[in-house]
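Have a look at the structure below before the remarks.
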Amino acid sequence: MAEDLKIIQGTKAEQYRHLLPQIQGLLEGESDFIANMANTCAALKEQFGWLWVGFYLVKKDELVLGPFQGPVACTRIKKGRGVCGHCWEHEKTIVVEDVHSFPGHIACSSLSRSEIVVPLMQRGQLIGVLDVDSEKLQDFDDTDRQFLEEVVGMLLAKVA
Ligand code: SME
């Protein structure tokens with residue numbers, strides 16, 4: 001397994017296209033879901049320098065904080081609450097251009113300005129979410145949605 005990540009400059013799509021095979025390489029040969037989520041967060045944070053990248057996992061009736069990179073964060077989120085809880089309720093990727101305009105947004109960090117949350121769907125059930133926060137307004141768009149959904153697909157393919 002290659003433990004060194006090669007970081008590149010370029011358009012957002014170029015950065016993702018270069019990073020995704022490297023994430024795939026990190027996942028190869030490791031079946032542990034926690035380890036794979038942890039390295040996925042690290043790889044995304046290293047390439048893009050976002051404020052916060054992490055996972056929340058469904059445990060009973062809450063999302064509970066999982067592996068992440070960035071400042072300390074809230075540990076539990078109810079269904080329907082905040083962007084993550086909204087993603088859980090609607091089971092689709094949510095792109096928030098300005099977190100201050102999202103009713104009920106949970107501000108784990110006052111530095112966060114925009115956010116994307118991608119559902120982790122396994123056999124039709126939402127088992128968690130990937131949450132990414134940026135200090136820049138409107139930092140996420142359809143390109144992020146497309147590639148981050150691909151990243152989540154790669155991770156979930158390993159848990160069968
Ligand atoms: N902002 C999220 C909460 C999680 S933190 O951003 C890490 C939300 O509104 O659900």
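Positions are given from 1 along the sequence. Just follow the structure's listing: the first ligand is 1, and inside any ligand the first atom is 1.
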(Q) Between Lys158 (side chain only) and Leu27 (backbone N and O only), is there a donor and an acceptor less than 3.5 Å apart? (A) yes
Q | Nearest atoms (heavy-atom pairs only) where Leu20 meets Met154 | A | O-CE, 3.5 Å
(Q) More than 12 heavy atoms of other residues, nucleotides or ligands under 6.0 Å from NZ of Lys92: yes or no? (A) no
Q) Is a side-chain donor or acceptor of Gln22 paired with a backbone partner of Lys6 at a separation under 3.5 angstrom? A) yes
**Q.** Close aromatic pair by centroid cut-off 6.0 Å: Phe68 and Tyr56
**A.** no
(Q) As a test of reading the model: which residues have a non-hydrogen atom less than 4.0 Å away from ligand 1? (A) Trp52, Tyr56, Ala73, Ile77, Gly82, Val83, Cys84, His105, Ile106, Cys108, Glu115, Asp131, Asp133
Q: For Gln15 and Gly10, indicate whether the former's side chain and the latter's backbone hold a donor-acceptor pair under 3.5 Å.
A: yes
